[in-house]
Amino acid sequence: MDCFGQSEKEPGTAGVYLLTVVDPRRGEGTSPTGIVAQRLARQLLARGCDVRVIAEPGQCDGWPGRVEVVEGSIARPLECIGAFDGVEAVFLAGAHPSTVQQALALARAAAVGKIVLLSSHGPEYEEAYPPDTWFWLAIEKAVERSGIPWTHIRPSAVMGAVLEGTYPATGSDWPDTVRSEGVVREAFLDLGHYPFIHEEDLAAVAAAALTGDDFTGMVLEAVAPPLSTRSRIQSIATALQRDIDTVELTADGSRAVWQRLGLPDGTIEVTLYALEEYGARFAELVQWTRDQRPSVQDIIGRPLRTYDDWVREHIGLFR
């Protein structure tokens, strides 16, 4: 349903769009919910939607004035029951398997019309293991069984993850080392590749899923082609108009750097694996990205934003 259209909640008015946001989670597959949801809120407001946010304490600031912010946590949904009142659709980000059923029960009771889940590519790997080990797949299955129309979004890593310190580990220390020393130190400098999507594009995918019916019951692969580590460094150097030195680390060397930053072992190991895997299987994985339908460009109706675009927007990080 477009926000300028009719709502089933009250004749003549559109329902509220509820976004859930958590303080940065650093586990593998997590996205930076704050920066994605803030972009999404602005896009929904531009469509004429009413937006409400359930935000953990560290994410309550920086929202447009027209957004209703409810301090709370989607991981403890029974503390914010009233936030679901009058809600047309939910952008569900930061849910936890242990309490997601409670959140979905509240959504059902409020006659929420749709759940758009910010998931990860974890379910593709988790399905080979027993259900009691699932995290992302447990959340997806709960949403599917809720009786509420749903869409799952499985994104590439988000370019702006470095702003919140979330997954992946690659690039997480670059703002500090580029600013202070003019250098990047990382493993797989020549081989390494990683797929990244701009948070504005990911938010646009979510907005399309929330406000329309074309993607109901679908898993949307919000993926972008893998970028080489060297190309990402060059994007920063070009924007700074100066060279950046590079130092090739061993995998253990990068592990040590990322451990000092407090990143969990799972995030570190998945990052190292993916850097090497995307480099070794580059052509195959680029083709897989191109084969996804609908593509991100199909969904959002415009070309994707590039890493060059992202760096120009955030060049202050590196100066």
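A donor-acceptor contact shorter than 3.5 Å links the side chain of Glu248 to the backbone of Leu189. With hydrogens and angles disregarded, a donor-acceptor distance shorter than 3.5 Å links the side chain of Thr267 to the backbone of Arg26. Between the side chain of Arg230 and the backbone N or O of Leu227 there is no donor-acceptor pair closer than 3.5 Å. No donor-acceptor pair under 3.5 Å is formed between the side chain of Thr99 and the backbone N or O of Ala95.
At most 12 heavy atoms of other shown residues, nucleotides or ligands fall within 6.0 angstrom of atom CG in Asp243. A 6.0 Å sphere centred on CZ of Arg179 holds more than 12 heavy atoms belonging to other residues, nucleotides or ligands.
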So Glu56 and Arg25, salt bridge (Lys or Arg N to Asp or Glu O under 4.0 Å) or not? Walk me through it. CA-CA 12 Å; Glu56 291 188 346; Arg25 308 291 200 252; 2.9 Å; yes
Apply the test side-chain contact (heavy atoms from CB on, under 4.5 Å) to residues Thr238 and Asp308: give CA-CA distance (whole Å), side-chain angles for both, the deciding distance (0.1 Å), then the verdict. CA-CA 9 Å; Thr238 298; Asp308 285 341; 6.0 Å; no
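Connection of Tyr307 to Val223 is not established within any shared hydrophobic cluster, with ILVMFWY side chains joined at heavy-atom distances below 4.5 Å, either directly or through further cluster members. Tyr273 and Ile268 are not part of a single hydrophobic cluster, where members link through side-chain heavy atoms under 4.5 Å apart. A single hydrophobic cluster is seen to contain both Leu40 and Leu220, as judged by linkage of ILVMFWY side chains at heavy-atom distances under 4.5 Å, directly or through other members. Following chains of ILVMFWY side-chain contacts shorter than 4.5 Å, one can reach Leu249 starting from Leu263, so the two form part of one hydrophobic cluster. Cluster membership for Ile139 and Leu78, using ILVMFWY side-chain heavy atoms within less than 4.5 angstrom, is shared.
Using modelled atom types and a 3.5 Å distance limit, the side chains of Ser73 and Glu79 yield no donor-acceptor pair. For the residue pair Thr211 and Arg47, a side-chain donor N or O sits within less than 3.5 Å of a side-chain acceptor on the partner. A donor and an acceptor atom, one from each side chain of Gln43 and Glu200, are located under 3.5 Å apart. Glu199 and Trp310 share a donor-acceptor pair across their side chains, judged by distance under 3.5 Å alone.
When all heavy atoms are compared, the tightest approach of Ile54 to Ile74 is CG2-N, 4.2 Å.
Note on ring orientation: taking the six-membered ring where Trp is involved, the planes of His96 and Phe135 are perpendicular (angle over 60°, cut-offs 30° and 60°). Taking the six-membered ring where the residue is Trp, Tyr194 and Phe196 present tilted rings, their angle falling between 30° and 60°.
Between Thr229 and Glu186 the shortest side-chain heavy-atom distance falls below 4.5 Å.
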